[in-house]
Amino acid sequence: MCGRYSISKNIEEIVENFKIEVLKDFSAQLFNAAPMMKLPVITNTDPKKLQLFSWGLIPSWSKDPTIGNKMINARGETIFEKPSFRSCIRNKRCLVPADSFYEWKKTEEKKQPFRIKLKKRGLFSLAGIWDEWKDVDGKIKSTFSIITTSPNNLMSEIHDRMPVILQKDDEEKWLLANDVNEISSLITSYPAIEMEACPISLMVNSPRNNSAEIHTPLN
DNA sequence: CCAGACGTTGTT
DNA sequence: GTCTGG
DNA sequence: CCAGACGTTGTT
DNA sequence: GTCTGG
């Protein structure tokens, strides 16, 4: 599962990497991006802009917006079948910029958080879907969810799920694809050989902690 | 036909 | 909105 | 994901 | 235990 990640590069790096417009109201470094927070995404409908959407997908038809608390991930294996996701996966996909994500290895004795990043890419995209929900006053709430899949050899040591990470060349395809087979082919486990995992302190546990110190390797 | 659900992960 | 279950 | 709350009435 | 909030 992916329930926490970081997007801590400065805005100039993000703009350069994704070839997008500067978004003036986003400059924060997020070492501890958590569900319900407004986080930067790049949508298929507006691929030249960085927008801030809330993490936790609320389907457009939903009467109870708290459903978003549970929709932080979407299983890649069944995403075309689920009522909450099927329209999104066809028409509303997004890139979720990140520079690492966190998973907790749980044993009987303890929960050990790990930070996972890519060896050669500072910034990468998690595959996402998004939707827009209108409240009773007609106010639009834009939300997103991160797609998960089975773990690769590195991740299976820590956890039984991992987020879908897109190859650089696949980012544009993820936004533009309109063929189900093409979309499906992008929902894969990123190669373990290109990733590294490192234990970090329990500081990451509290979403209130948001400092560079979170990335410090243990020991 | 209408009513009701619509999700994931982890833990038991 | 759309699908499943009754 | 983890942390933290989890309740009402009446009074200021 | 379970839900909400970050």
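Note on naming: letters A, B, ... go to the chains in the order of the sequence lines (proteins, then strands), and numbering restarts at 1 for each one.
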Same-atom distance (C1') from D/dC6 to B/dG4, integer angstrom: 28 Å

Integer-rounded Å distance: D/dC1 P and A/K106 NZ: 5 Å

N/O donor to acceptor pairs below 3.5 angstrom from side-chain atoms of residues 48-60 of chain A, sequence neighbours left out:
residue: A/Q51; atom: NE2; partner: A/T43; partner atom: OG1; Å: 3.2
residue: A/W55; atom: NE1; partner: A/I72; partner atom: O; Å: 2.9

Touch class at under 4.0 angstrom, heavy-atom based, for A/T78 against every strand present: sugar-phosphate

N/O (side chain, A/T148) to phosphate O (OP1/OP2, B/dT9) under 4.0 Å: yes

A/W61 side chain, from C-beta outward: closest of D/dA3, C/dG1, B/dT8: C/dG1

Residue A/S206, side-chain atoms from C-beta onward, closest of D/dA3, E/dG6, B/dT8: D/dA3

Any A/R86 side-chain nitrogen or oxygen under 4.0 Å from OP1 or OP2 of C/dG1: no

Phosphate-side-chain proximity, A/K70 and B/dT9, N/O vs OP1/OP2 below 4.0 Å: no

Presence of A/K111 side-chain N/O under 4.0 Å of B/dT9 phosphate oxygens OP1/OP2: no

Separation between the P atoms of C/dC3 and B/dT9, rounded to whole Å: 23 Å

Counter-base of B/dG7, judged by Watson-Crick or G-U geometry with both distances under 3.5 Å: none

Listed nucleotide nearest any side-chain atom of A/M37, set C/dG1, E/dG6, D/dC1: E/dG6

